[in-house]
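A note on names: the letters A, B, ... follow the listed sequences, proteins ahead of strands, and every chain is numbered from 1.
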Amino acid sequence: MLQIQQIRADKDSIIDRILKIRKLDVTSQVNEIFDLDLKKRETQKTLDDFSSKMNIISSQIGDCFKNGDVDKANNLKKETTDLKDQIKSLKNTFNSLDNLIKELLYQIPNLPHDLVPPGKTDEDNQIIYSAETKNLMNSDLLPHWDLCSKYNLIDFELGVKITGAGFPVYKGKGAILQRALIQFFLNEANQNGFQELLVPHLVNETSGYGTGQLPDKEGQMYHVENDDLYLIPTSEVPITNIYRNDIIEENNLPIKHVGYTPCFRREAGSYGKEVRGLNRLHQFDKVEIVQITHPSESYNTLDQMVNYVEGLIKKLNLPYRKLRLCGGDLGFTSALTYDLETYSVGQNKWLEVSSISNFETFQSNRLKLRYRDKNRNLQLAHTLNGSALALPRIMASLLEINQFQDGIHIPEVLKPYTGFEKI
RNA sequence: GGAGAGGUGGCAGAGUGGUAAUGCAACAGCCUGCUAAGCUGUCAACGAGCAAUCGUUGCCAGGGUUCGAGUCCCUGUCUCUCCGCCA
């Protein structure tokens, strides 16, 4: 959530920027917030004055009772009745203004960074690097779903039987390969200074708001109504929320975590070949890296994280490309996002395997995640996260590009983890 | 799931209706050959003011009673103990 101070200071440039880069018009919401904020502060001033009067009278009454001056006390009591009503109604006004402002603030997306290209759809994303794919195309190559049934690696039908579409069952070497990838990603992250966490797969409503999934993506999460808990759509939610309401000493920054969890997404509205095979699932595995940094460091950190994830893809020998997301494609909470996509030779298309974002203070403001600076003042920290990596599409690309007459060859770096060299 | 007890600042821990003691830790300043100690202040949110500063709020959350609530009442929630169930 944007800080109210930003809107007070410079609301027009916020409106401009979101319109120009994200192609989203928030004029009326921002102006309304601005006006309501004025009213809110006015209300607080009167409320404070009245409360102050009330406090003074109350303590006078206390003194009177101590001195046995009951008549005077009773007279003073009469004075308070009016005051009391006014305070009550001012408080109601204040609270409803406060809630209105919050609701509206929740609807304003993050301000895009200078590097974000303007644009509406994924066609406006900037391609920063792309592997050459011409030589890779070959109509004999099978898509991964065919490979999965040919070698009995993943059974999509079985998942339908026991749960529903989008919940595949991994079998035998398919399951082992999946586990090997997870282990590989976790070990690499550990070696790069990310502390590993194993976190809950369900979170409460507050956590959902903390990282911004709520209210923006309400319909995308599975909701357990009996206990009012949500299945996590990414481990970003539990990991970042660990630091909700926390104050971190400046010299403990940056904080670096890695976590593996399954992720659950309802993916309402998805259909057709977009959801074929491993392309889009309701439950999938992901290793996620999260960092909390000093504001002055967050963009360096973002670059490092992107480099790190690129390194993983390179070690797996997968052709990939790197995109800088345009305003329209940029997530609600993000200020700058890079996507990494690996090439699917069996489908002749790019698959998003990682999304790495800097949220600046957008999440930390909601989370009240702060650090204490050199002057002992509290400042909002910056939060970042990225997939490192999302398993299903890596699996898809990997199976497809390593298919040969004699089977599927396991990439060199994974052999120690799988214990076999070929499927 | 049933019964009981409890939730107070970074931590520890007082406080049963009069406006949050005290200790430890941390930070800043002062003081003293050095160190230790000592003294003073700070340590949450919001608002007003150029500022020193001032006001309001804050004792798990939300309501209520009262001139006044950490304290009394109601609801929720979490923790602990006992019982039940269980990998």
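Nucleotides B:C50 and B:G41, compared at atom P, are 29 Å apart to the nearest Å. B:G6 and B:C54 have their C1' atoms separated by 38 Å, given to the nearest Å. When the P atom is used for both B:U8 and B:G13, the distance is 9 Å, rounded to whole Å. Rounded to whole Å, the P atom of B:A44 lies 15 Å from the corresponding atom of B:A28. B:C27 and B:A20: their C1' atoms are spaced 23 Å apart (whole Å). Using atom P as the reference point in both B:C72 and B:A5, the two lie 13 Å apart (nearest Å). Comparing the P positions of B:A48 and B:U42 gives an interatomic distance of 23 Å, to the nearest angstrom. Here, B:G55 and B:G2 have their P atoms 49 Å apart, quoted to the whole Å.
With a cut-off of 3.5 Å on both pairing distances, the Watson-Crick or G-U wobble partner of B:A44 is B:U57. The base-pairing partner of B:A36, taking Watson-Crick or G-U wobble contacts with both distances under 3.5 Å, does not exist among the strands shown. In this structure, B:G4 and B:C80 make a Watson-Crick or G-U wobble pair, each of the two defining distances being under 3.5 angstrom. Base pairing annotation: B:A20 forms no Watson-Crick or G-U wobble pair, as no partner gives both donor-acceptor distances under 3.5 Å.
A:Arg265 places a side-chain N or O within 3.5 Å of a backbone atom of A:Pro233 that can act as its donor or acceptor partner. Side-chain N or O atoms of A:Ser364 include one that pairs as donor or acceptor with a backbone N or O of A:Ala381 at under 3.5 Å. With hydrogens and angles disregarded, no donor-acceptor distance shorter than 3.5 Å links the side chain of A:Ser334 to the backbone of A:Leu330.
Side-chain contact between A:Glu352 and A:Arg393: present, with at least one pair of heavy atoms (C-beta onward) separated by less than 4.5 Å.
One atom, CG of A:Asp228, and another, P of B:C78, lie 11 Å apart when rounded to the nearest Å. In this structure, A:Asp63 atom CG and B:G68 atom C1' are separated by 12 Å, rounded to whole Å. A straight line from CD of A:Glu250 to C1' of B:C27 spans 14 Å, rounded to a whole angstrom. The nearest whole Å value for the distance from the CD1 atom in A:Ile61 to the C1' atom in B:A69 is 15 Å. In this entry the distance linking CG of A:Asn95 with C1' of B:C46 reads 12 Å, nearest Å. Straight-line distance from the CG atom of A:Asp37 to the P atom of B:C46: 12 Å, rounded to whole Å. One interatomic measurement links the two molecules: NZ of A:Lys102 to C1' of B:C46, which rounds to 11 Å at whole-angstrom precision. What separates CG of A:Asp85 from C1' of B:C67 is a distance of 13 Å, to the nearest Å.
Across the interface with RNA chain B, nearest-nucleotide mapping of A:Gln5 and A:Ser58 shows A:Ser58 to be the residue nearer the 5′ end. Along RNA chain B, the nucleotide closest to A:Thr81 and the one closest to A:Phe94 are compared, and the more 5′ of them pairs with A:Phe94.
Between B:C46 and A:Arg41, no contact under 4.0 Å exists linking OP1 or OP2 to a side-chain N or O.
Here the closest heavy-atom approach between residue A:Pro117 and residue A:Asp124 is recorded as CG-O, 4.1 Å.
Screening residues 143-154 of chain A for salt bridge (charged side-chain N to carboxylate O under 4.0 Å, His left out) gives no qualifying pairs among residues at least two apart or on separate chains. Here salt bridge (charged side-chain N to carboxylate O under 4.0 Å, His left out) pairs that include residues 24-52 of chain A, with residues two or more places apart or in two chains, are A:Arg8-A:Asp37, A:Asp37-A:Arg41, A:Lys40-A:Asp98, A:Lys45-A:Asp49.
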Would you list the protein and nucleotides 43-45 of chain B atom pairs, both N or O, that sit under 3.5 Å from each other?
from	atom 1	to	atom 2	distance (Å)
B:A45	OP1	A:Arg370	NH1	2.9

Tabulate atom names and distances for all N/O pairs under 3.5 angstrom spanning the protein and nucleotides 55-58 of chain B.
from	atom 1	to	atom 2	distance (Å)
B:G55	O3'	A:Ser52	OG	3.4
B:G55	N2	A:Asp48	OD2	2.9
B:U56	OP1	A:Asn55	ND2	3.2
B:U56	O2'	A:Asp48	OD1	3.0
B:U57	OP2	A:Asn55	ND2	3.3

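Under the side chain to side chain contact (heavy atoms under 4.5 Å, CB included) criterion, A:Leu198 pairs with no residue, sequence neighbours left out.
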Distance-only donor-acceptor pairs under 3.5 Å for side chains of residues 304-314 of chain A, two or more places apart:
from	atom 1	to	atom 2	distance (Å)
A:Asn307	ND2	A:Asp303	O	3.4
A:Tyr308	OH	A:Ala189	N	2.9
A:Glu310	OE1	A:Lys322	NZ	3.0
A:Glu310	OE2	A:Tyr320	OH	2.6

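Relative to the ring axis of A:Tyr260, A:Lys286 does not place its NZ or CZ within 45° and under 6.0 Å from the centre.
The aromatic rings of A:Phe167 and A:Tyr222 are tilted relative to each other, their planes meeting at an angle between 30° and 60°.
Within 4.0 Å of A:Ile57, counting heavy atoms only, lies no atom of the nucleic acid at all. Nucleic acid contact class of A:Thr80 (heavy atoms, under 4.0 Å, all strands): sugar-phosphate only.
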